[in-house]
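Chain letters run A, B, ... following the sequence lines, proteins first and then strands; every chain starts at 1. Keep in mind that this is a model prediction, so the values were computed, not measured.
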Amino acid sequence: MSEELSDLLKVRREKLLEFKAQGMEPFPYKFERDSTASQIQEKYGHLQGHDESPKEVTFAGRIMTKRGHGKASFATLQDESGRLQIYAKEDVLGKDKYELFLKLDMGDIIGVTGVVFRTKMGELTVRVDKWTLLCKSLHPLPEKWHGLQDKELRYRERYVDLLVNPDVKDVFVKRSRILSSIRKFLEGRGFMEVETPLLHVLQGGAAATPFETYHDALSMPLFLRIAPELYLKRLIVGGFEKIFELGRVFRNEGMSFKHNPEYTMLEVYEAYADYHDVLKMTEEMISTIIKETTGKFNIEYKGETINFEPPFKRIPLIEALKHFGNIDISGKTEDQIRKIGKDKGIEGALEIGAGKIINELYDKFVEPNLRQPTFIVDYPIETSPLAKKKRDNPKLVERFELIVAGMEIANAFSELNDPLDQRERFKKQAELKAAGDVEAESMDEDFLRALEYGMPPAGGLGVGIDRLVMLATDSPSIRDVLFFPHMKPISKVVESEEMEILDQSESKRKTK
RNA sequence: GCGCCGUUAGCUCAAUUGGCAGAGCAGGACACUCUUAAUGUCAAGGUUGAAGGUUCAAUUCCUUCACGGCGCACCA
């Protein structure tokens, strides 16, 4: 804390001391309340004229507004359920306690006991017969009717954003409901929730750059997981048949309105199913969740109407390229595809291979044009090293993605369970890695051994939960659906301290 | 990583061509016993994101940096 406090902060600290001097505990341990703001609204909403509640109520909340009138004053308390007005009068509280009441600041948390009545202006109000300070606030709240607007501050100080911008809370309530809706859906179909390691020895399960960390006692580098996929499949080998994991994954990549370095992914695996089964389940799950959490299939997202009523469109990738990009890759050789890529303005990845080029063409010409929920089906084998070959075309794999509003929401395939084929795919990935592809999968011998014991045929699915929440809450950025989106630290002091810490762990690493 | 835009009081925003940095809310003092954006009066509050430069003079023009927003690139 800096030496020089602004006047506003000083005043609040002085008030804190004054409350103490008057024998009040500014940070007590507990408060028994018998109602919330909304319970009182509901229970006594019928009061009219000079009616009063037969009994006193006791509730607590943060002071959000204050209106003083000399020997009587109004304030509004906010708790999780909502807001309720209170009315304090000197002749009820006595001179001393009323004067202390006037000293309260917006942001202070108090408990109140009193009878409920309706004011002349018609507002349901609790008359303060007794009040207790529950927490002295030392920092002023933002302006009362514009709230907190500055996006940077809203993300950095989300606790303030949540207090003064009620819509923000709704987004996160909905996020929570989506998570329970997913669990309900899957558990209702016999799936079991499992947890697998976040710290991985090898990079695998997706094409992405991992975060690296270090285990001091074991003297070894570790990766924060980019996907739980390979561990979940080991569990399918181990005999579980219907499992899912709902958890955080980490990707060391750029940030954007749809990317945060850590995000929440759902992965689902079902033994004896293929990607056709998974597609049907995905369609049911996504439409059910949207219906359950928004009340309808038709939602508004960034000004466009998106219809989640099943069935969703299904388009093979090759068809989609033809339709949206006027690109025909069927039966083309790698060189021909490379030429198409060049003609269509694909910059990077031209050397790496046909699959990657097709991927780029798809990202550029198809994905942004898919607004309504659409399954893109059957992908090139090179970019899907964990998926089974399509049964009638070995250049493709049985894989689909679900695209909504130009965003990839889900990704699924018939899981590759042939250990010999998987070994070949890993080898190809190793070649890519050697050629400089930082996202290529690592050769995972333990995973191969698991497959050698035998994994039943299985379908697997990954769903980007944050993006789903964006759609359900009409949030334009992933940062709006994360309580604390990743932000660079502001203070230079903090930065240099962090550098020191990094330096220390760096030198520790070297000495071990 | 690149491009564009932004950063002024605790919060929300002004400031003409480069000419004394202003208001509302919050906070302070006073008045006021049914207000709800309470009201009225008075006083206070600023290293204009940071560092340089140009100029008699910079919130304003130039350079660099920091942070953020949006777009692009990369990815899910």
What is the distance, rounded to the nearest whole Å, between atom [atom1] of [X] and atom [atom2] of [N]?
X: A:R127; N: B:rU35; atom1: CZ; atom2: C1'; result: 17 Å
X: A:Y87; N: B:rU33; atom1: OH; atom2: P; result: 9 Å
X: A:I63; N: B:rA38; atom1: CD1; atom2: P; result: 14 Å
X: A:N252; N: B:rA76; atom1: CG; atom2: P; result: 14 Å

Checklist entry - Can you list every pair that meets salt bridge (charged side-chain N to carboxylate O under 4.0 Å, His left out) and has a residue in residues 374-385 of chain A, with sequence neighbours left out? => result A:D378-A:K390

Checklist entry - Which pairs count as salt bridge (charged side-chain N to carboxylate O under 4.0 Å, His left out) when at least one residue sits in residues 104-120 of chain A, sequence neighbours excluded? => result A:R12-A:D105, A:K15-A:D105, A:D105-A:K136, A:D108-A:K136

Checklist entry - Does A:Y263 lie flat on the base of B:rA76, that is, centres under 5.5 Å apart and planes under 30° off? => result yes

Provide a list of protein-nucleic acid N or O atom pairs under 3.5 angstrom, restricted to nucleotides 22-28 of chain B.
residue	atom	partner	partner atom	Å
B:rG24	N2	A:E143	OE2	3.1
B:rC25	O3'	A:K144	NZ	3.3
B:rA26	OP1	A:K144	NZ	2.6
B:rG28	OP1	A:K15	NZ	2.6

Item to check | N or O in side chain of A:K151 less than 4.0 angstrom from B:rG69 OP1/OP2 | outcome: no

Next on the checklist: Expected output is a numbered-order residue list: members of residues 112-121 of chain A with a heavy atom under 4.0 Å from any atom of RNA chain B. What is it?
Outcome noted: A:F117, A:T119, A:K120, A:M121

Next on the checklist: Let's test your reading of the pairing rules: Watson-Crick or G-U wobble, both distances under 3.5 Å, then write RNA chain B as a dot-bracket string with ( ), [ ], | and dots.
Outcome noted: (((((((..((((.....[..))))..((((.......))))......(((((..]....))))))))))))....

Item to check | Residues forming a side chain to side chain donor-acceptor pair (under 3.5 Å) with A:R62, sequence neighbours excluded | outcome: none

